[in-house]
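What you see is a predicted model; the values in this text were computed from it and never measured. Both ligands and their constituent atoms are indexed starting at 1 by order of listing.
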Amino acid sequence: MKKIIKNGTIVTAADTYKADLLIENGKIAMIGQQLDESGAEVIDAKGCYVFPGGIDPHTHLDMPFGGTVTKDDFQSGTIAAAFGGTTTIIDFCLTNKGEPLQKAIETWHNKAKGKAVIDYSFHLMISEINDDVLAELPKVIEEEGITSFKVFMAYKNVFQADDGTLYRTLLAAKELGALVMVHAENGDVIDYLIKQALEQGHTDPIYHALTRPPELEGEATGRACQLTELADSQLYVVHVSCAQAVEKIAEARNKGLNVWGETCPQYLVLDQSYLERPNFEGAKYVWSPPLREKWHQEVLWNALKNGQLQTLGSDQCSFDFKGQKELGRGDFSKIPNGGPIIEDRVSILFSEGVKKGRITLNQFVDIMSTRIAKLFGLFPKKGTIAVGSDADLVIFDPNVERVISAKTHHMAVDYNPFEGMKVTGEPVSVLSRGEFVIRDKAFVGKPGSGQYIKREKYGKYAMSTKDEQLTI
Ligand code: URP
Ligand code: ZN
Ligand code: ZN
């Protein structure tokens, strides 16, 4: 059935205007004034913004990590995402050395099948580069539509790849049309600092932050940028947490390199002092990279505003406090790294960003949706409100005030790192390809209705850094 959204204010990365939206066959069919309502279900969006659905470029659902498995799977994780105004996620598919990439991809398809309530895609982790991997990559791109590869520069003896692997991945990505993503921290030095801290009897959560100083994120970010320049390739730095990393990304972009940066809500509003909370509560705030001293937050906000950083990911990687985070009692290095963020990513950016005047409304849409769609080959199917685009839409009340809490969130975990935080603005209804997933703040979607999305190659819609600088 046709649907018409009336009386709302449409907001894209470029424009803000009042118009009606006609939805037909899951797509936006018409945008205009006083559209013909006959045969259509009318949805009143009075007093609300209508945004393109959020795209979360960084999730870890149902992922084995830190001696356990992340608590939110593709069902609870995508339901929570939808409540928060996200209609597409790109999840990280882990690979194992010596195993065909296709086997890992099948594993990830099976995790999502029958569960996802919104659309999803995968990035592929590259843990080694050899003839077998190189032979498989074209198929990964052409047949699976996986056009982004992830290399970890940290987590020694777990996920960490060496610089040769990163460099060869950058070369392959350049040739094949993919974007290389890095977790940029110097894993070798961190490994030494962790051993040293434990030998000295330092076991509390705060030592997680103290053994991963921002200099080591800046160093790894700079190294990845240099290798990108040498390979003449393209790089996306995930979860940027500190001024040192922003500086390296800005330096690379000023040289005209195709280097892009993502930050996450936790780095924008939480700080290192949370790791000192008593009764092991600090473990709830263990991420890698770690939360930083408060002054870094302003650097990150400014970088989003001036375009040195372009996107916001959740890095959703949730563990219960009880039984999972607790694995690290008596040894901070055993605390599973990560937290539940998928649901609050969009609201925090709106409330702390737009409402507090740090970014504009159109920048907000760009950062949480449009730019991500362009960088990761989803645009213009996703990430915008235009005739022919998927009707992935959020009807958002910008004035409602609420308090974030584990008591009311929809993630499957027993705490929320933003517990007690007041935010302004909330999705009222969320549509995925024209069908309600959230209607009047209630879940009405269906597990399994989310579709796997094959993505376009890098570069089709992402402007190069050079083009972008010309238009500023
Ligand atoms: O602490 C984090 N970030 N956990 C998720 C895995 C990763 O490094 O992205
Ligand atoms: Zn990471
Ligand atoms: Zn991550």
Suppose we measure from atom 3 (N) of ligand 1 to each protein heavy atom; which comes out shortest, and what is that distance? Asp315 OD2, 2.6 Å
By the definition side-chain contact (heavy atoms from CB on, under 4.5 Å), identify the one residue from Leu124, Leu137, Ile141 that meets it with Ile146. Leu124
Is a side-chain N or O of Arg253 found less than 3.5 angstrom from the main chain of Val259, in a donor-acceptor match? yes
Ring-face cation of Lys150 near Phe152 (centre distance under 6.0 Å, axis angle within 45°): yes
Give the residue, atom name and distance (to 0.1 Å) of the protein heavy atom nearest atom 4 (N) of ligand 1. Asn337 O, 3.1 Å
Which protein heavy atom lies closest to atom 8 (O) of ligand 1, and at what distance to 0.1 Å? Tyr155 OH, 2.6 Å
Would you say Phe159 touches ligand 1, if touching means a heavy atom closer than 4.0 Å? no
Within 6.0 angstrom of Lys284 NZ, more than 12 heavy atoms from elsewhere: yes
Numbered atoms of ligand 1 (with element) below 4.0 Å of Cys317, judged on heavy atoms: 4 (N), 5 (C)
Counting heavy atoms not belonging to Glu298, are there more than 12 under 6.0 Å from its CD? no
Note the single closest protein heavy atom to atom 1 (O) of ligand 1, along with its residue, its atom name and the distance in Å. Ser288 N, 2.8 Å
Quick one: give me the number of protein N/O/S atoms under 2.8 Å from the Zn ion (ligand 2). 2
Under a 3.5 Å distance rule, please check whether Glu136 uses its side chain to pair with a backbone N or O of Gln102 as donor and acceptor. yes
What part of Phe92 sits under 4.0 Å from ligand 1 if we count only heavy atoms: the side chain, the backbone, both or neither? neither
Could you check whether any side-chain N or O of Gln244 sits under 3.5 Å from a backbone N or O of Glu217, counting only pairs where one atom can act as donor and the other as acceptor? no
Is the distance from the Zn ion (ligand 3) to some N, O or S atom of Cys317 under 2.8 Å? no
Should the ring pair Tyr207 and His202 be called parallel, tilted or perpendicular, given that the plane angle runs from 0 to 90° and is split at 30 and 60? parallel
Specify the closest pair of heavy atoms between Pro336 and Gly66, including all atoms of both residues, with the distance to one decimal. CG-O, 4.1 Å
Pairs where residues 286-344 contributes a residue and the test ring-ring contact (aromatic ring centres under 6.0 Å, His included) is met, not counting sequence neighbours: none
Within the supplied structure, the quantity of interest is the number of heavy atoms (other residues, nucleotides, ligands) at a distance under 6.0 Å from Lys355 NZ; does it exceed 12? yes
Per-atom contacts, ligand 1 versus His183 - under 4.0 Å to a heavy atom: 8 (O)
Give the atoms of ligand 1, by number and element, whose distance to some non-hydrogen atom of Trp287 is under 4.0 Å. 1 (O)
